[in-house]
Amino acid sequence: MNKKSGSANYSELDDVYGSLELSKTLPKSQFPTEERDPRNVFSAIRDELMLDGNSRQNLATFCQTWVDDEIRELMDLSIDKNMIDKDEYPQTAELESRCVRMLADLWHSPDPENTLGCSTIGSSEAAMLGGLALKWQWRKKRAAQGKSTDKPNLICGPVQICWHKFARYFDVELREVPLEGDRLILNAEEVLKRADENTIGVVPTLGVTFTCQYEPVKEISDALDQLQKDTGLDIPIHVDGASGGFLAPFCAPELEWDFRLPRVKSVNSSGHKFGLAPLGAGWVVWREAKDLPEELIFNVNYLGGNMPTFALNFSRPGGQIVAQYYNFLRLGRNGYAKIHNACYATAQYLSREIEKLGPFEILFDGDSKSGIPALAWKIKEGAKVSYSLYDIADKLRSRGWQVPAYSMPANREDMVIQRILVRHGVSLDLASLLVDDFKRTLEYFETHPVSVPLSDKDGTSFNHS
Ligand SMILES: *Cc1c(COP(=O)(O)O)cnc(C)c1O
């Protein structure tokens with residue numbers, strides 16, 4: 001045995017699992033003292049990652065869990081690219097600018113060649129930037145009128161957590177319209193009830209996290225046009241198109257939700273959701289350059305050139321942006337439509353199959369005109385079943401499927417629903433295997449009735465990612 005001196009126990013002949021290093025547990029808290037064999041450490045970490053489960057079976061997430069081999073190769077080639085360093089990596093920066101122009105075109109900006117926008121680490125950062133621009137524009141307008149600027153508010157429906165963060169971090173009152181009865185999304189009437197001179201903007205969501213539906217952007221925009229006619233209040237819209245921004249243009253092109261509506265001043269979307277880029281890609285684009293207040297743009301010159309930046313982060317990886325550009329060229333509008341329409345068909349298939357099982361009422365069935373490729377259901381009023389949706393989620397988990405159950409936000413916390421997201425890589429055949437497991441789950445509960453159904457207090461937590 002070729003033992004080296006000192007405390008390293010290393011031999012090129014050792015089988016990884018026969019090595020002395022892996023005969024002990026590895027450090028979990030104390031900063032390690034000695035070096036270790038990279039093969040051994042790699043194997044131990046790879047094996048630990050196995051316990052994370054299989055992301056392709058995670059039907060809770062909106063994020064990409066499948067990429068093609070070319071993307072893996074581009075990510076590898078881009079491992080050293082720093083998105084912020086536009087002087088050292090001018091071509092990566094150029095690819096980012098092309099993506100912004102293409103998105104401005106896709107979302108019908110009146111001036112896609114010249115408008116502004118940027119990549120971010122995800123929709124959360126993009127939403128913060130969109131929200132900040134709204135706050136700055138409102139403040140400038142109010143200051144010019146000599147009016148107070150200390151009570152900004154933002155109107156929205158049941159939003160993703162990033163808007164709660166925006167409101168708290170940047171000191172804006174969030175007027176989140178509560179749900180009522182069967183109304184599980186925002187509507188124009190509720191917006192008007194809350195709009196006033198301190199409203200910095202309205203944020204409809206294209207693809208609400210909870211029920212997957214599109215909120216009626218045009219109806220809200222029309223109502224705000226009328227409000228302006230009646231009162232002079234001119235309230236802009238930012239659309240949270242985290243999912244829908246990469247779906248509606250391909251699968252519901254006639255739906256007017258974007259810069260076709262002059263009141264829509266900015267849009268955020270997640271490249272790493274239905275943009276099909278690997279994790280770490282978001283976008284925010286303004287309708288026209290003048291919609292982004294210039295005070296928010298920083299000019300940095302210490303990396304070599306003079307670079308205007310608008311972002312919360314500084315250094316961040318460039319590979320996701322390169323991969324995003326690859327997707328745009330590789331797929332085009334037709335390719336995106338093909339992939340997403342296949343997902344819609346699978347979502348509709350699942351919704352028919354789950355409805356046929358009997359005890360469930362479908363709340364959203366994967367209709368491409370009114371929401372994202374997903375479905376959501378609840379247990380029918382008065383259905384005689386022993387289990388809760390949390391029990392179903394728990395049982396499906398034993399086959400690796402993550403099908404989250406959760407309660408709705410205010411004022412429908414009483415309502416528990418379950419949801420499946422259908423993404424690139426969830427084929428109809430894979431979905432049919434899930435249906436088989438769903439049937440087996442209900443059969444199991446027939447023969448083994450649940451005596452104490454699980455509830456949201458049992459720590460069956462999940463993230464609306
Ligand atoms: C996912 C999501 C977000 C947050 O996006 P990230 O890309 O995960 O930061 C914001 N809003 C909506 C509607 C979402 O679905």
In this structure, which one of V239, V202, I220 forms a side-chain contact (heavy atoms from CB on, under 4.5 Å) with V264? V239
So H340 and F274, do their side chains get closer than 4.5 Å, heavy atoms only? yes
Mind checking ring pair (Phe, Tyr, Trp, His ring centres under 6.0 Å) for Y89 and listing every partner two or more places apart, or none if nothing turns up? none
Are F360 and F438, when compared by the centres of their aromatic rings, separated by less than 6.0 Å? yes
Side-chain (T115) to main-chain (W286) donor-acceptor, under 3.5 angstrom: yes
D414 and R412 ion-paired at < 4.0 Å: yes
For atom NZ of K193, decide whether the heavy atoms of other residues, nucleotides or ligands shown that lie under 6.0 angstrom number more than 12. yes
With side-chain contact (heavy atoms from CB on, under 4.5 Å) as the test, would you mind laying out the steps for I237 and L224 before giving the verdict? CA-CA 9 Å; I237 292 176; L224 291 172; 3.8 Å; yes
Check: F210 main-chain N/O paired with Y406 side-chain donor or acceptor under 3.5 Å: yes
Might you point out which heavy atoms bring P293 and W136 nearest each other, and give the distance in Å? CG-CB, 3.6 Å
Side-chain contact test, heavy atoms from C-beta onward, threshold under 4.5 Å: evaluate it for I420 versus W377 and give yes or no. yes
In plain terms, say whether K140 and E295 are close enough for a salt bridge, that is, a side-chain N and a carboxylate O under 4.0 Å apart. yes
Please check if the distance between the ring centroids of H272 and W283 is under 6.0 Å. no
Does atom CD (E254) have a neighbourhood of more than 12 heavy atoms from anything else shown, all under 6.0 Å? yes
Any sub-3.5 Å donor-acceptor pair from E361's side-chain atoms to I379's backbone N or O? no
Give a yes or no answer on whether the side chain of K218 reaches the backbone of D258 with a donor-acceptor pair at less than 3.5 Å. no
For E88, is there an ion pair with K81 - N to carboxylate O distance below 4.0 angstrom? no
Of all heavy-atom pairs between I235 and A195, which one has the smallest distance, and what is that distance? CD1-CB, 3.7 Å
Closest heavy-atom contact between V285 and F259? O-CZ, 3.4 Å
For R194, is the CZ atom crowded, meaning more than 12 foreign heavy atoms sit under 6.0 Å from it? yes
Would you say Y344 and L247 make side-chain contact, with heavy atoms under 4.5 Å? yes
Less than 3.5 Å apart, which donor and acceptor atoms pair up between the side chains of residues 314-323 and the rest of the protein, not counting sequence neighbours?
{"residue": "S315", "atom": "OG", "partner": "N82", "partner atom": "ND2", "Å": "3.1"}
{"residue": "R316", "atom": "NH1", "partner": "S119", "partner atom": "OG", "Å": "3.2"}
{"residue": "R316", "atom": "NH2", "partner": "S119", "partner atom": "O", "Å": "2.9"}
{"residue": "R316", "atom": "NH2", "partner": "S119", "partner atom": "OG", "Å": "3.0"}
{"residue": "Q320", "atom": "NE2", "partner": "L279", "partner atom": "O", "Å": "2.9"}

Do T92 and M83 have side chains that approach each other closer than 4.5 Å (heavy atoms only, starting at C-beta)? yes
Does S455 offer a backbone N or O that forms a donor-acceptor pair with the side chain of S388 under 3.5 Å? no
Any carboxylate oxygen within less than 4.0 angstrom of a Lys/Arg side-chain nitrogen, looking at R263 and D234? yes
Sequence neighbours excluded, the answer for salt bridge (charged side-chain N to carboxylate O under 4.0 Å, His left out) partners of D437 is R399, R440
List in chain and number order the residues that pass side chain to side chain contact (heavy atoms under 4.5 Å, CB included) with A126, two or more places apart in sequence or in another chain; answer none if no residue qualifies. T120, N268, V284
Partner set under ring pair (Phe, Tyr, Trp, His ring centres under 6.0 Å) for F170, not counting sequence neighbours: F166
Which pairs pass salt bridge (Lys or Arg N to Asp or Glu O under 4.0 Å) with one or both residues in residues 121-132, sequence neighbours excluded? none
The ring pair (Phe, Tyr, Trp, His ring centres under 6.0 Å) partners of F250 (sequence neighbours excluded) come to Y336
Could you check whether any side-chain heavy atom of W107 comes within less than 4.5 Å of a side-chain heavy atom of P112, counting everything from C-beta outward? no
With sequence neighbours excluded, residues passing salt bridge (charged side-chain N to carboxylate O under 4.0 Å, His left out) with R56: none
Ignoring hydrogens and geometry, is there a side-chain-to-backbone donor-acceptor pair from K265 to P262 under 3.5 Å? yes
Test salt bridge (charged side-chain N to carboxylate O under 4.0 Å, His left out) applied to K356 - qualifying residues, sequence neighbours left out: E353
Side-chain donor/acceptor of D222 to backbone N/O of E219, under 3.5 Å: no
Who passes ring pair (Phe, Tyr, Trp, His ring centres under 6.0 Å) against W66, sequence neighbours left out? H424
Could you tell me if H108 and E256 have a donor-acceptor pair between their side chains, going purely by distance under 3.5 Å? no
Q64 side-chain N/O to K273 backbone N/O, donor-acceptor pair under 3.5 Å: yes
Please confirm whether the backbone N or O of Q348 pairs with a side-chain atom of D365, one donor and one acceptor, at under 3.5 Å? no
Do the non-hydrogen side-chain atoms of H238 and V267 ever get within less than 4.5 Å of each other? no
What I want to find out is whether D367 reaches K369 closely enough, with some N-O distance under 4.0 Å, to be called a salt bridge. no
When you check the gap from the basic side-chain N to the acidic O, do R333 and D105 get nearer than 4.0 Å? yes
Heavy atoms from other residues, nucleotides or ligands near CD of E413 exceed 12 (cutoff 6.0 Å): yes
Show your working on side-chain contact (heavy atoms from CB on, under 4.5 Å) between Q402 and Q57 and close with a plain yes or no. CA-CA 6 Å; Q402 274 179 268; Q57 282 184 290; over 6 Å; no
Going by atom type alone, with no hydrogens or angles, which donor-acceptor pairs under 3.5 Å involve a side-chain atom of residues 178-185 and a protein atom two or more places apart or on another chain?
{"residue": "R183", "atom": "NH1", "partner": "I185", "partner atom": "O", "Å": "2.9"}
{"residue": "R183", "atom": "NH2", "partner": "P178", "partner atom": "O", "Å": "2.9"}

Can you check whether A60's main-chain N or O pairs, donor with acceptor, with R419's side chain at less than 3.5 Å? yes
Count the heavy atoms belonging to other residues, nucleotides or ligands that lie under 6.0 Å from CD1 of I79, then report whether that count exceeds 12. no
According to salt bridge (charged side-chain N to carboxylate O under 4.0 Å, His left out), who are the partners of E173, at least two apart in sequence or on a separate chain? R175
So does I161 have more than 12 non-hydrogen atoms from other groups sitting under 6.0 Å from CD1? no
Return the minimal non-hydrogen interatomic distance between A248 and Y214, and the atom names on each side. N-OH, 3.7 Å
Taking all atoms of both residues into account, what is the closest heavy-atom pair of V217 and W257, and its distance? CG1-O, 3.5 Å
Which value, rounded to the nearest 0.5 Å, describes the distance between T205 atom OG1 and Q213 atom CD? 11.5 Å
